[in-house]
Amino acid sequence: MPLRIYNTLTRTKENFEPVHPGKVGMYLCGPTVYKPAHIGHMVGPVIFDTVKRYLTYSGYDVTWIVNITDVDDKLINKARDLGRDVTDLAKEMTEDYFDNLQLMGVDTIDRFPYATEHIPEMLDMISRLIEKGHAYPLNGDVYFRTESDDDYGKLSGRSISEVLAGTRVEANDAKENPADFALWKSSKAGEPAWDSPWGPGRPGWHIECSAMSGKYLGDTFDIHGGGLDLLFPHHENELAQSECCTGKPFAKYWLHNGLMQASGQAGKVGGQHDRHGDTAPADATADQAAQMANKLAGSAGAESVKTAVFSKHHPETVRFFLLATHYRSPIDFSDERIAEVGKSLDTLYRLIETYERITGQNFYDLQVSTTRELSAPLDGQPAELFAELKLLRDRYLDCMDDDFNTGGAVGVLFDLRKTINGFINSTKLEAEGKSDATNVTALTSAMTLLKELAGLLGVFHKPIETTGGGDNELANGLMELLISLRATCRKEKNFVIADQIRDGLTALNITLEDRPDGTGWRRD
RNA sequence: GGCGCCGUGGCCAAGUGGCUAAGGCAACGGAUUGCAAAUCCGUCAUCCCCGGUUCGAAUCCGGGCGGCGCCUCCA
């Protein structure tokens, strides 16, 4: 099954064929670094990190670029409000962004170009647009001439007149057409400014992405990603200015992820949407509230992801939570939901522990294939087990081939867990241990497959610190003592004392597990 | 008003023309256990409503009801 991708540009799923055989260029619109990242900022990176992992696994040489917007109105205003230097603030927030990406396991981005380091490229682009009649200077600003672009609106599916119909009338605007947008903005005193042929100023919102994607990926590249909220106007304008400038197609596939929402966080308010209207002021307020009800902004989820999310949930759980739903669907931020996903993940961690106990091997040391071509043949013994493994791998890859259906793939992971646990149960591997070489080898193959497939989602690359035994010698020593005391009690059928020990530990969020080969414990 | 998305078991969520409608959480029954924990086995949905197309629809078309996004430099 060939890889198929839903392309916003054509509104259909298409077979994926890169511009240059074997190579893929990918661009994702990054953050404006003016405040700490919230969980919504992590959605795109996690999704496209997974996309890159899968493309790489499928044999492509992928280059992935994410820009850092370090000059922008929001940033300038924020710095002014805080009485801080723009550059300092941007630097601090960029570090915060990088920290969070690292925690989320997003480590496949090849380059983070900064807007402020690409002003010459932007100026060059603007000049070329003016030369071609696609842009015009106006009082120190430069605007893109939307009417000069016959294709304008093809990405978001709206015509210029439709755009205008939904736009508030900007009374004092001297632009040729209200739909024209700024490529260059003249700066006021005290604002960051760069010299330009049109006077000191700074770039418009969209031009940086056009300039930087072109510089690092070429005029025409494969995949352009971003949140659905950027479809219009940002991506539409980016596309227009790039294609008008180069005369070539811009991105071949446009991927848009659904947005994180906050149902139940802000409370719902009834009311109809009516932007045109004749509604009374009182209704307008209710209308606004209704529109805000599901926004992440203003909800608990909009707080810094570090304080609001990572304080309660392991980043790997959060990543799994984001990938359990298809990337084009909206997803509700909910602590309960994330915790639920955490429980399901725990069953996989327990399987990993069981494997390590049986074999004495470290799961995270297992060597997995990094490409589909080299994935293990899965033709060992027992044959029934391997036939099942093959089936599961095919199902998993079919899901991923179908527009990166990570939700379906996650389901296969749990089926794989069930298959492996069933195998361990039926062969009594826990009790037999290493003595059964064939079954241990088979188990290792199965676990290697689990690691390979989970790895494509960016999880199970390294151990997480919170499960399993203790983190210090004292705790381990005490637990050893209690477990051996309890073992003695059980041997002497003194179940009252034995259960007193176990119940007491339960109250301390420590769970005991009596297994065939002894008693284990974990903190919940 | 324009453009677009969605409505699958108690909750979350795959599946978008045809094998028994994935999987997770919760619940219930059984195996196992001294009892538990963990694990395994089993139970739990005619897919918002109406109509149409088709040999056959959760899946396509029309209508209705309900939820939501963008058109505001929110990722």
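Below, chains carry the letters A, B, ... as their sequence lines are ordered, and counting in each starts from 1. Computation of the quantities below employed the complete heavy-atom set of this structure, encompassing side-chain atoms and omitting hydrogens, waters and symmetry-equivalent molecules.
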**Q** Find which nucleotide of RNA chain B each of R11(A) and G408(A) is nearest to by heavy atoms, and output the residue with the more 5' nucleotide.
**A** R11(A)
**Q** Taking the six-membered ring for Trp, are H235(A) and H206(A) closer than 6.0 Å centroid to centroid?
**A** no
**Q** Just how far, in rounded Å, is C1' of rC73(B) from NZ of K185(A)?
**A** 7 Å
**Q** Could you check whether K35(A) gets within reach of a base, just the sugar-phosphate, or nothing at all, counting any heavy atom under 4.0 Å?
**A** sugar-phosphate
**Q** Send over the distance from F333(A) CZ to rA75(B) P, rounded to a whole Å.
**A** 16 Å
**Q** Both G407(A) and I331(A) contact RNA chain B. Taking the nearest nucleotide for each, which residue is further toward the 5' end?
**A** I331(A)
**Q** T108(A): which residues meet the side-chain hydrogen bond (donor to acceptor under 3.5 Å, both in side chains) condition with it, sequence neighbours left out?
**A** D49(A)
**Q** Distance-only criterion, 3.5 Å: show the donor-acceptor pairs between side-chain atoms of residues 409-418 of chain A and protein atoms not counting sequence neighbours.
**A**
{"residue": "D415(A)", "atom": "OD2", "partner": "R395(A)", "partner atom": "NH1", "Å": "3.1"}
{"residue": "D415(A)", "atom": "OD2", "partner": "R395(A)", "partner atom": "NH2", "Å": "2.9"}
{"residue": "R417(A)", "atom": "NH1", "partner": "T347(A)", "partner atom": "OG1", "Å": "2.7"}

**Q** Less than 3.5 Å apart, any donor N or O on the side chain of Y152(A) or N237(A) sitting next to an acceptor on the other?
**A** yes
**Q** What is the base-pairing partner of rG66(B), counting Watson-Crick and G-U wobble geometry with both distances under 3.5 Å?
**A** rC6(B)
**Q** State the CG-CD1 distance between L512(A) and I501(A), to the nearest 0.5 angstrom.
**A** 9.0 Å
**Q** Return the value, rounded to whole Å, for the distance between atom CD of Q261(A) and atom P of rC74(B).
**A** 18 Å
**Q** For R328(A), is there an ion pair with D403(A) - N to carboxylate O distance below 4.0 angstrom?
**A** yes
**Q** Looking at R486(A) and D514(A), is any side-chain nitrogen of the basic one under 4.0 Å from a carboxylate oxygen of the acidic one?
**A** yes
**Q** Figure out the CZ/P separation between R328(A) and rG4(B), and round it to whole Å.
**A** 15 Å
**Q** How would you label the contact of Y396(A) with the nucleic acid (heavy atoms, under 4.0 Å): base, sugar-phosphate, or nothing?
**A** nothing
**Q** Any base atoms under 4.0 Å from H38(A), or only sugar-phosphate, or nothing? Heavy atoms, all strands.
**A** base
**Q** Output the single nucleotide from rC74(B), rC71(B), rC73(B) whose closest atom is nearest the side chain of F232(A).
**A** rC71(B)
**Q** Take atom CZ of F414(A) and atom P of rC40(B), then tell me their distance rounded to the nearest Å.
**A** 12 Å
**Q** Please give the nucleotide sitting opposite rA37(B) as a Watson-Crick or G-U wobble pair, both distances under 3.5 Å, or none.
**A** none
**Q** Whole angstroms only, please: what is the CD-C1' distance between E303(A) and rC74(B)?
**A** 16 Å
**Q** Nearest-Å distance, CG (L101(A)) to C1' (rA75(B))?
**A** 12 Å
**Q** Using whole Å, what does the distance between atom C1' of nucleotide rC40(B) and atom NZ of K428(A) come to?
**A** 11 Å
**Q** Are any protein N/O atoms closer than 3.5 Å to N/O atoms in nucleotides 9-11 of chain B? If there are, list each pair with its distance.
**A**
{"residue": "rC11(B)", "atom": "O2'", "partner": "R337(A)", "partner atom": "NH2", "Å": "3.0"}

**Q** Using a 4.0 Å heavy-atom cut-off to protein, can you give one letter per nucleotide of nucleotides 32-39 of chain B, 5' to 3': B if the base is in contact, S if only the sugar-phosphate is, - if neither?
**A** --BBBBSB
**Q** Any ion pair linking E191(A) and R202(A) (charged N to carboxylate O, less than 4.0 Å)?
**A** yes
**Q** According to the Watson-Crick and G-U wobble definitions, with both distances under 3.5 Å, which nucleotide is paired to rU54(B)?
**A** none
**Q** Is K343(A) near enough to rA26(B) that one of its side-chain N or O atoms lies under 4.0 angstrom from OP1 or OP2?
**A** yes
**Q** Can the ring centroids of F112(A) and F98(A) be said to lie less than 6.0 angstrom from one another?
**A** yes
**Q** Under the rule for salt bridge (charged side-chain N to carboxylate O under 4.0 Å, His left out), what residues qualify as partners of R350(A), not counting sequence neighbours?
**A** none
**Q** Considering Watson-Crick and G-U wobble pairs with both distances under 3.5 Å, what does rC11(B) pair with?
**A** rG24(B)
**Q** Taking only residues two or more places apart in sequence, or in another chain, which ones meet D401(A) in a side chain to side chain contact (heavy atoms under 4.5 Å, CB included)?
**A** M1(A), L3(A), Y54(A), R372(A)
**Q** Choosing from rA75(B), rC73(B), rA14(B), which nucleotide comes nearest the side chain of N405(A)?
**A** rA14(B)
**Q** Can you tell which of rG15(B), rG24(B), rC71(B) lies closest to the side chain of R158(A)?
**A** rC71(B)
**Q** Mind checking L259(A) for me? I need base, sugar-phosphate or nothing, with any heavy atom below 4.0 Å counting as a touch.
**A** base
